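Below: the structure, in structure tokens.
Computation of the quantities below employed the complete heavy-atom set of this structure, encompassing side-chain atoms and omitting hydrogens, waters and symmetry-equivalent molecules. Model, not experiment: these values are computed from the prediction.
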Amino acid sequence: MKKLIVLVIVMICGFNSRAQSNKQFTGADMIVFNAKISTGSLTRPGASALAVKRGRIYAVGTDEEILELKDNNTRLIDAGARRLIPGINDAHTHILNERSFNYNVRWEGVPTLKQALDMLRVQAKRTPEGQWVKVIGGWSPYQFKENRLPTIEEIRKAVPDRPVIVQYAYNRAYLNDLAMEAFGVGTDKFPDSPGTIFEKDKNGKYTGIVHSYTFTFAALELMVPQPSEEEQISSIANAVHHMNRFGVTTAVDAASIYGYPHGHTPIQQLAKENRLNIRMPFIDLQFGDTSSPSLVDAQINTVTRKSPISPGENMHPTMAHGHEYEGTGEILRLEIHDHENFDRPAVIIDEELMQQYIKEDITKLVGKGIPFRLHISYNENITPFLNALEAINEETPLDGLRWSIEHAETITPENAARVKKLGGGIALDMKMAMHGDGFVKTYGAEKASQTPGLRQLVDSGIPLTMTTDAFRVASYNPWIGMSWMTTGKSVSGSEILAKDNRLTREEALKLVTVGPTWFEDQEGETGKIIPGYFADFTLLDKDYFTIPDEEIKTISSVLTVVDGRVVFGADDYSELSPELPETLPEWSPVKYFGGYYNAKN
């Protein structure tokens, strides 16, 4: 019997040897070598080369080891001794709202107010009659050398004969006379909401400055000329491209005014053509459904009856998690939305109202197994929310259902511990990097120095991520936030964050690479450079771990790879960058100024 077994083994080995010798070696699809790779792995934290096969990391090691895996079809990329990190994962942004991206003058990164106003002046001459000159968020007055907001007189002078709106976050807007007339300022036509204030001069005439909150500004965006379908696709492709330039490879659309499924047509078109150059899971919000008694009822009706889709279901035809439904939020009820506007006192929700709606709405979601995220900025509102959620959990256990509080700027350690006990996570954001100076004016420097409590939250072990919340309230450039987390400085250069509340560079990087994977239910798939993980990574123009503190906010990518495919290239890698669709319309500010000031294409 022994002799028989040995004979069989010998025959099998001989057969396999002949088969393998007749079969051509199939190498890696892509190899990046001569790199300083930060893998994110404790087993092998550093390496110099990686190989990609079928959209995943195939091998990681030394140049000598990895280059042995090439064949005649392997794309070889010399990293030039640059730093390579896992792709940045922005777990809370709003790409779907950017279908007018190409219509806007982008002030992101512009260093002086003078230059920003010059851009308006030039664009006013280029904008055809019937269209608007617009600046819709993404910038901060504290980024300017002048360290101030524009005046309405400066904006009127820059744009004398076209309607203009310059919107600062969701805090205020500047309108010239043509814009005020079009919007119907002072009439019932204007989409008024609680907290809206129209400034008037000493003669009682409207100045053109409007202070308000999110929903008013969202409504105004729908009252200006809208882009065509082609322009929408071009806009979203450009928005994604400009995220890629900073190394972003995944971005969760954290709810849009354009709900699933019809509002996702541009994304589906790009995905169908394999031109969606980012993984884009999404949180859905049925904002326009007036036939349902609540947003939650509308969500349940949509995903279970009208256009059935399950949590975790991916609509992208080829890319894992490319366009995947992840639940509902970040608004469940308009009545309990605590708008963050650091120029004004916190919006505090009535506790009984908060608990009533949370019990009613989240009980339904838990019963249907639909994950949820909720925008809550202030601890005063987090407390009654958690009171209600704890009561729900006793009657209808959450049982591992993933949920999170989004933003949570002033959450206390005690409430963070309650979130952790209930199995939730906290998705912080980088707004303090851009608007922390305003927070200081409203709440004082001491409170700002501990907002949010980064050190305590990281040390607590709670599922935690850091996001941009782009494109309106903050920039889509994550390196601005990375700089603030590690240096404590806002875009003005002021020290906002206390020294004992800052993070190391390694900790900050984890919050935008590994941290988001819990929120997306993708642990073990992305966020690290290890075999088997998605081939999502970025090669940086500066070494994040060695450059001086003041240079962190200037970092960008020279090569971004998503799903094993180059989606962005600059400098030595510009020829590898895929061709973008034409920037439409012809007069688009993005076509002439770009999407980010002085950025590499």
Side-chain angles (χ1 to χ4, degrees), residues 97-108 110 113-141 144 148-228 231 235 257 339 341 343 471-473 585 587-590 592-593:
N97 285 342
E98 291 307 305
R99 58 193 64 212
S100 295
F101 184 89
N102 291 354
Y103 274 34
N104 295 323
V105 178
R106 316 299 310 189
W107 277 1
E108 287 96 336
V110 177
L113 179 58
K114 180 182 182 303
Q115 287 169 281
L117 291 168
D118 284 343
M119 292 168 71
L120 282 188
R121 190 173 296 108
V122 171
Q123 185 57 37
K125 296 175 181 177
R126 185 183 296 123
T127 301
E129 189 173 351
Q131 293 289 346
W132 288 52
V133 177
K134 300 192 302 173
V135 180
I136 305 295
W139 59 281
S140 165
F144 298 137
R148 67 173 177 86
L149 288 158
T151 66
I152 188 62
E153 289 78 15
E154 288 172 327
I155 291 172
R156 284 175 174 159
K157 184 178 179 181
V159 188
D161 58 359
R162 293 288 184 271
V164 62
I165 176 171
V166 174
Q167 181 180 315
Y168 167 46
Y170 282 126
N171 295 18
R172 71 181 70 182
Y174 296 81
L175 313 171
N176 65 3
D177 290 342
L178 290 171
M180 283 197 288
E181 182 181 355
F183 281 146
V185 171
T187 73
D188 292 338
K189 180 183 175 183
F190 191 87
D192 193 6
S193 63
T196 299
I197 300 171
F198 299 91
E199 280 193 11
K200 293 182 179 180
D201 62 20
K202 60 183 180 181
N203 298 317
K205 182 181 178 181
Y206 291 115
T207 63
I209 302 176
V210 181
H211 303 264
S212 195
Y213 293 113
T214 313
F215 303 139
T216 294
F217 295 122
L220 293 181
E221 181 66 10
L222 296 175
M223 294 173 65
V224 299
Q226 299 298 300
S228 67
E231 290 167 348
S235 285
I257 57 176
H339 311 268
N341 178 339
D343 293 335
F471 287 65
R472 306 302 167 84
V473 297
W587 53 269
S588 166
V590 173
Y592 296 91
F593 297 126

[X] versus [Y]: any side-chain heavy-atom pair under 4.5 Å?
X: V210; Y: L220; value: no
X: K134; Y: P163; value: no
X: S212; Y: I197; value: no
X: F183; Y: L175; value: yes
X: L120; Y: V133; value: yes

Which atom pair, heavy atoms only, marks the closest approach of [X] to [Y]?
X: N102; Y: P589; answer: O-CD, 3.0 Å
X: T216; Y: P191; answer: OG1-O, 3.4 Å
X: P227; Y: Y103; answer: CA-OH, 3.3 Å
X: N104; Y: V590; answer: O-CG2, 3.9 Å
X: F190; Y: T196; answer: CE2-CG2, 4.3 Å
X: P194; Y: Y213; answer: O-CD1, 3.7 Å

[atom1] of [X] to [atom2] of [Y]: how many Å apart, nearest 0.5 Å?
X: S588; Y: R126; atom1: OG; atom2: CZ; answer: 9.0 Å
X: I155; Y: I209; atom1: CD1; atom2: CD1; answer: 8.0 Å
X: R156; Y: D161; atom1: CZ; atom2: CG; answer: 14.5 Å

Hey, does the side chain of [X] reach the backbone of [Y] with a donor-acceptor pair shorter than 3.5 angstrom?
X: N176; Y: V159; value: yes
X: T127; Y: Q123; value: yes
X: K157; Y: R121; value: no
X: E221; Y: I136; value: no
X: N97; Y: I257; value: yes
X: S228; Y: E231; value: yes

Does E154 come within less than 4.0 Å of R148, counting only side-chain N to carboxylate O? yes
Determine, for E98 against R106, whether the closest basic-nitrogen to carboxylate-oxygen distance falls under 4.0 angstrom. yes
By side-chain contact (heavy atoms from CB on, under 4.5 Å), which residues pair with N171, not counting sequence neighbours? Y168, A169, N341, D343
Tell me whether the rings of W107 and W139 are parallel (<30°), tilted (30 to 60°) or perpendicular (>60°). perpendicular
May I have all residue pairs that pass side chain to side chain donor-acceptor pair (under 3.5 Å) and include part of residues 201-211, sequence neighbours excluded? E199-H211
Please test F593 against W587 for ring pair (Phe, Tyr, Trp, His ring centres under 6.0 Å), starting from the C-alpha separation and ending with a verdict. CA-CA 11 Å; F593 297 126; W587 53 269; over 10 Å; no
Tell me whether the count of non-hydrogen atoms from other residues, nucleotides or ligands lying under 6.0 Å of CD in Q226 goes above 12. yes
Assess the residue pair V135 and Y174 against the criterion (side-chain contact (heavy atoms from CB on, under 4.5 Å)); give the C-alpha distance rounded to whole Å, side-chain angles, the decisive distance to 0.1 Å, and a yes or no. CA-CA 10 Å; V135 180; Y174 296 81; over 6 Å; no
Out of F215, Y170, F217, which residue meets the ring pair (Phe, Tyr, Trp, His ring centres under 6.0 Å) rule with H339? F215
